[in-house]
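See below for the structure under consideration.
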Amino acid sequence: MLEKAYAHQSVEEKWTSFWRASGLFHAEPGVGEKPFVVVIPPPNVTGALHVGHGLDNTLQDVFVRYQRLSGRPVCWVPGTDHGGIATQSVMERQLKAEKLNRHLLGREKFLSRMQAWTKQCKSTILGQLERLGCGLDWSRESFTMDEDRAESVHEAFKILWEKGLVYRGERMVNWCVHCGTALSDIEVEFEERKGHLWHIHYPSADGSRGAVVATTRPETMLGDTAVAVNPKDARYKGLAGKTLRLPLAGREIKVVGDEYVDSDFGTGALKVTPAHDPNDFEIAKRHGLSLVTVISPDGRMTAAAGAAYEGLSREAARDKVVEDLKSAGFLEGVKDYPHSVGVCYRCGQAIEPLVSWQWFVRMEELAKPAILAVDSGRFRLHPESWTKPYREWLSGIRDWCISRQIWWGHRIPVWYCVKCHGERIKTDFHQVADARGVLSVEGPSSCGVCGGSEFVQDPDVLDTWFSSALWPFSVFRWPGRTPELKFFYPTSLLVTGYEILHLWVARMQMMGLCLTGQVPFPDCVIHGIVRDRHGKKMSKSLGNVVDPLVMMDKYGTDALRFSLLIQAHPGRDIPFDEASITGSRNFANKLWNSTRFVLMNLPEAKAYGVASLDRGRLELCDRWILDEYRETIARARKSLDAYEPAAAADALYGFLWDKFCDWYLELAKIRLQGADEPAKDVVRGVMVEVLGGTLRLLHPFMPFITEELYAALKPFAGRQEASVVEAGLPELGSSWADENARRDMAVVMETVSALRSLRAQLNVPPGLKIRAVSAGGAAATRELLSRRADYLQTLARLSEISHSEEGIRPPQSATAVAAGMSFFVPLQGVIDFDQERVRLKKEIAKAESDVSKLSAKIENKDFLARAPQSEVESARSQYDAARERQGRLKETLLLLGS
RNA sequence: GGGCCGUUAGCUCAGCGGUAGAGCGGCCGCCUUACACGCGGUAGGUCGUAGGUUCGAAUCCUACACGGCCCACCA
């Protein structure tokens, strides 16, 4: 016998090890039909999983288990991502705590510490995924930086190199002075920050007035090499071509005319700092201006900034420049000026645009097939509303900077001959123009140009997203023509959050198309972010982070999963509240107890179910629940097929609780507590069928509890499967649809509700059984209620119910009106007639409002003429019912006297 | 500056062309032998605003307002 309440811990442990040993989620290439294949978005090895991972992986598990349940083999590939900058930063923080840094340690030692950390982190993460119940194919665990994946990376780089799609170029890149590396454009986030706009006077070299420029970054003036004005700006007519004297530096700079300058902004004169601003860099190219680099990659001022500033941080230099300008009389004004600042997506520090030599991937050519794929429907996003932003991003794409000046990652497989380039190649790599690299993984033996034999490898590593972009095929050991690749690729579905749509999804599509000629996955489910209960993003600094493990310990994994899933409407963020987990925990308990109830009523192990049901013995509630069950199966399946698990979860929740437990089981008790064995067997058959099927449908959402309960139920269902996922999806043919049962149950339910409401409002003691006399009504309704008097008696707690042909109201009665009938309830001594009058008046008011609304509708000529016939008929019968109800209520009130 | 999404009961959200729903919270009453992680009852919305389409609109269209997000090189 089951415990009284669901105790999740032991159940979870039991089934976790069962699944691991079962091989249920393992597929072998070439065996059977092609499986449903999903690759996990590999979590970074930076620590533990958060609740966002919980959502992402639960969703995948739902789809995977749903497919498995429907009989299709599945292969869900687990793995982790080395995480580049993010992971290196974690390690650097650890080192700092030990008063160390990576340079003190050296590349070798640093990397071996990284490996150790990664190993530990991987096992934590994979363990947590298992704890979440994820049906992963553990035999296929991959890591973006293991040997097989390294081979994929090298091959991808080689193909891109050979196609001329990867190149080394001198560009202005987004530089993070904190992380010490270049970043791609999409790794820069923009934040609105408080700042100032300074107006600085640049006098003319000939002693005339010159120009005033506006800037938010005064420290960069030390690197100015021009001032630009719009040639159409009347104020500055004739200024272009003149020479100005740069304050503090004393250098002479030219004024150039450039259409880029917006005359309406600031003073209309723009200081040009080509080495530290991307727009200025472009202006400089157009006008052949020189570059003066005043900020170095470590964020400090260079010698070129002048002796007074050299070595100062950017921030300190700003203060000093402002002060110096002020005392020298060049500062014309300053005002508060909030503006957006680009910051590093990993550390949040302001990005410094710097010019250096980096590796890039030409994107335009890669994007074209990806655009085609989404336009032709070969690649679909869910919800569909993400298609447009995705498409537009692809069509405006710019080259991707893939080199990173960190150590943790795939080293760029390019080597340089020291003899050809000189010793500088070893130390000053990023400043060496046009270095000619040789593509090689292990290093070439001799230089094709000079025959030299000393080579140095490119010191940089690839952007972590480069290896991520290959993930859907690298996990199957592409470029090897492995059986796995052949069988499992392309994959079936990708599930991920919208925040990495560009960073990851788009790049997988592009790389997949370029390198394998196929869309790596035809469907992509985009989910939202898990936020705190007020809709705020979770962050450590706000202290609103929810730890999924704590939630699992406290409420159970199924409760956590279900509460996330039932809120995971397509593409929407989820406001996470502990209260919603409580609700799901309660649901799990409801499921547990309803199964317990069913089991208590199954005396012997035999194959109960729809197949062995004597249909001739079914009564109203049986036919009704089977009809509802049939509809629920259809709705849940339809929603799951459309990748909308929340709608499916909602349908199942409502069915199990509100229909099966609150109505069916209550009515089932009548026969179960009786002595008619064949009747009991009918109920048992229905209960086992409906509950068993519901457990199966719920399994993708709540895998643990459903395994446990199904295991307990299956001896009574004639089932042998070791796991519920092998049991198949429930099905019920159209012959089980039953409009009559639906209609009749509606009458029963309406009547029961009316009687219960009457009892409660008149404070009839719950334990007291009351008598009811019905009057009026259609013959069919009367017949139904008399046939199913047992339902009314049980659910409304009636001692008896009789019908008065004459419609005589017993004295001292309260009256309920439902289903076109009156129900008189004699309540001598219990009833308070004042209260009864109030209650009736309230009901009359409601009925009157219904009547007037409906009469307006059915008297509307346009409605009658143009609305579909079925609609008109339905409105008419609704009107009749409301009229009838209104009449009965009024009559009753009249009898009571007002 | 573009684009996307949202605005429905006190809170969090479903519904997306036929007289407004759920969960939580509130209130009233119940330990009715599966479940107090429960049961019954009940209050509470002119569905952001203004127009339009339609016999009929929370649901479709157009503006606007207010949130949020994404993209964009405005000092």
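Protein chains get the first letters and strands the later ones, always in sequence-line order, with residue 1 at the start of each.
- Between the R193(A) side chain and the H339(A) main chain, no donor and acceptor come within less than 3.5 Å of each other.
- Taking 4.0 Å as the cut-off between side-chain N and carboxylate O, R876(A) and E873(A) do not count as a salt-bridged pair.
- Using a 4.0 Å heavy-atom criterion, one finds that D850(A) contacts the bases of the nucleic acid, with or without backbone contacts as well.
- Base engagement by K669(A) is indicated by at least one non-hydrogen atom pair under 4.0 Å involving a base atom.
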Between the protein and nucleotides 73-75 of chain B, which nitrogen or oxygen pairs come in under 3.5 angstrom?
residue	atom	partner	partner atom	Å
rC73(B)	OP1	R398(A)	NH1	3.4
rC73(B)	O2'	N279(A)	OD1	3.4
rC73(B)	O2'	N279(A)	ND2	2.4
rC73(B)	N1	N279(A)	OD1	3.3
rC73(B)	O2	N279(A)	OD1	2.7
rC74(B)	N3	D262(A)	OD2	2.8
rA75(B)	OP2	Y337(A)	OH	3.3
rA75(B)	O2'	A214(A)	O	3.2
rA75(B)	N6	D262(A)	O	2.6
rA75(B)	N6	F265(A)	O	3.0
rA75(B)	N1	D262(A)	N	3.2

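- When the nucleotides rG3(B), rA34(B), rC55(B) are ranked by their closest atom to the side chain of N593(A), rA34(B) comes out on top.
- Listed by first then second residue, pairs satisfying salt bridge (charged side-chain N to carboxylate O under 4.0 Å, His left out) with a partner in residues 565-583 of chain A read R531(A)-D573(A), K554(A)-E578(A), not counting sequence neighbours.
- Set against rC35(B), rU19(B), rC13(B), the side chain of K853(A) has rU19(B) as its closest nucleotide.
- Whole-Å rounding puts the M749(A) CE to rG40(B) C1' distance at 14 Å.
- The C1' atoms of rG15(B) and rC37(B) are separated by 28 Å, rounded to the nearest whole Å.
- Pairing for rG17(B) is absent, judged as Watson-Crick or G-U wobble with the two contacts each under 3.5 Å.
- Between S385(A) and D662(A), the residue anchored closer to the 5' end of RNA chain B is S385(A), taking for each the nucleotide with the nearest heavy atom.
- Using atom P as the reference point in both rG10(B) and rA72(B), the two lie 40 Å apart (nearest Å).
- Within a 6.0 Å radius of CZ in R883(A), no more than 12 heavy atoms belonging to other residues, nucleotides or ligands are found.
- Here rC55(B) presents its C1' atom at 6 Å from CG of N860(A), a figure rounded to the nearest Å.
- A donor-acceptor contact shorter than 3.5 Å links the side chain of N544(A) to the backbone of S539(A).
- When the C1' atom is used for both rG29(B) and rA34(B), the distance is 22 Å, rounded to whole Å.
- For the C1' atoms, the distance from rG45(B) to rC39(B) is 27 Å, rounded to whole Å.
- Inter-residue side-chain proximity for T220(A) and K271(A) is flagged as met; some heavy-atom pair is nearer than 4.5 Å.
- Taking the side chain as every heavy atom from C-beta outward, P570(A) and Y643(A) never approach each other to under 4.5 Å.
- Residue E499(A) places its CD atom among more than 12 non-hydrogen atoms of other residues, nucleotides or ligands, all under 6.0 Å distant.
- Nucleotide rG38(B): paired with rC30(B) (Watson-Crick or G-U wobble, both distances less than 3.5 Å).
- Contacts with RNA chain B (heavy atom under 4.0 Å) in residues 574-589 of chain A: P575(A), R585(A), N586(A), N589(A), listed by number.
- Residue-to-nucleotide contacts include no donor-acceptor pair under 3.5 Å from the side chain of K388(A) to the base of rC4(B).
- Heavy atoms of K861(A) sit nowhere under 4.0 angstrom from any nucleic acid atom.
- Checking the phosphate oxygens (OP1, OP2) of rC69(B), no side-chain nitrogen or oxygen of R572(A) falls inside 4.0 Å.
- Look at rC47(B): it lacks any Watson-Crick or wobble partner with both distances under 3.5 angstrom.
- If you check rU19(B), rC35(B), rC55(B) against the side chain of K590(A), the one that comes closest is rC35(B).
- Each of rU19(B), rA34(B), rG40(B) was ranked by its minimum atom distance to the side chain of M600(A); first place goes to rA34(B).
- Among the atoms of the strands shown, none is found under 4.0 Å from any heavy atom of P765(A).
- Y6(A) has its side chain out of reach of T595(A): every pair of non-hydrogen atoms, C-beta onward, lies at least 4.5 Å apart.
- Using a 4.0 Å heavy-atom criterion, one finds that H569(A) contacts the sugar-phosphate atoms exclusively.
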- prompt: Would Y345(A) and E187(A) count as a side-chain hydrogen bond (donor to acceptor under 3.5 Å, both in side chains) if you check the C-alpha gap in whole Å, the side-chain angles of each, and the deciding distance to 0.1 Å?
  reply: CA-CA 5 Å; Y345(A) 82 136; E187(A) 288 169 305; 2.9 Å; yes
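- Residue H502(A) has its side chain nearest to rC70(B) when only rU19(B), rC37(B), rC70(B) are considered.
- Across the P atoms, rA14(B) and rA22(B) are found 16 Å apart, a figure rounded to whole Å.
- We find that CH2 of W386(A) is positioned 16 Å from P of rG3(B), with the value rounded to whole Å.
- When the P atom of rC35(B) is taken as reference, atom CG of D658(A) falls 19 Å away, rounded to whole Å.
- In terms of phosphate contacts, S594(A) brings no side-chain nitrogen or oxygen within less than 4.0 Å of OP1 or OP2 of rC35(B).
- At a threshold of 4.0 angstrom between heavy atoms, the contacts of E666(A) include nucleobase atoms, whether or not backbone atoms are also involved.
- Searching all strands for a Watson-Crick or G-U wobble partner of rA22(B) with both distances below 3.5 Å returns rU12(B).
- One finds no side-chain N or O of W657(A) lying less than 4.0 angstrom from the OP1 or OP2 phosphate oxygen of rC37(B).
- When the P atom is used for both rG48(B) and rG1(B), the distance is 26 Å, rounded to whole Å.
- Residue P766(A) is in sugar-phosphate contact alone, with no base atom involved, counting any heavy-atom pair closer than 4.0 Å across all strands shown.
- The shortest distance between the side-chain N/O atoms of R866(A) and the OP1/OP2 oxygens of rC55(B) is below 4.0 Å.
- Within the 4.0 angstrom heavy-atom criterion, no nucleotide atom of any strand lies near E499(A).
- Across the C1' atoms, rC27(B) and rG44(B) are found 11 Å apart, a figure rounded to whole Å.
- If you take CG of L565(A) and P of rA14(B), they are 15 Å apart, rounded to a whole angstrom.
- For rG18(B) and rC70(B), the C1' atoms lie 37 Å apart once the distance is rounded to whole Å.
- A salt bridge does not link K638(A) with E644(A): none of the charged nitrogens is closer than 4.0 Å to a carboxylate oxygen.
- If you take OH of Y664(A) and C1' of rA34(B), they are 15 Å apart, rounded to a whole angstrom.
- A cation-pi arrangement is absent between K590(A) and F660(A), since the terminal nitrogen or guanidinium carbon is not both under 6.0 Å from the aromatic centre and inside a 45° cone about the axis.
- When rounded to the nearest whole Å, the span between NZ of K659(A) and P of rA22(B) equals 12 Å.
- Across all strands shown, rC4(B) forms a Watson-Crick or G-U wobble pair with rG68(B), both key distances being under 3.5 Å.
- Distance, I500(A) CD1 to rC71(B) C1': 18 Å, rounded to whole Å.
- Residues R533(A) and S580(A) fail the side-chain proximity criterion, which asks for heavy atoms closer than 4.5 Å.
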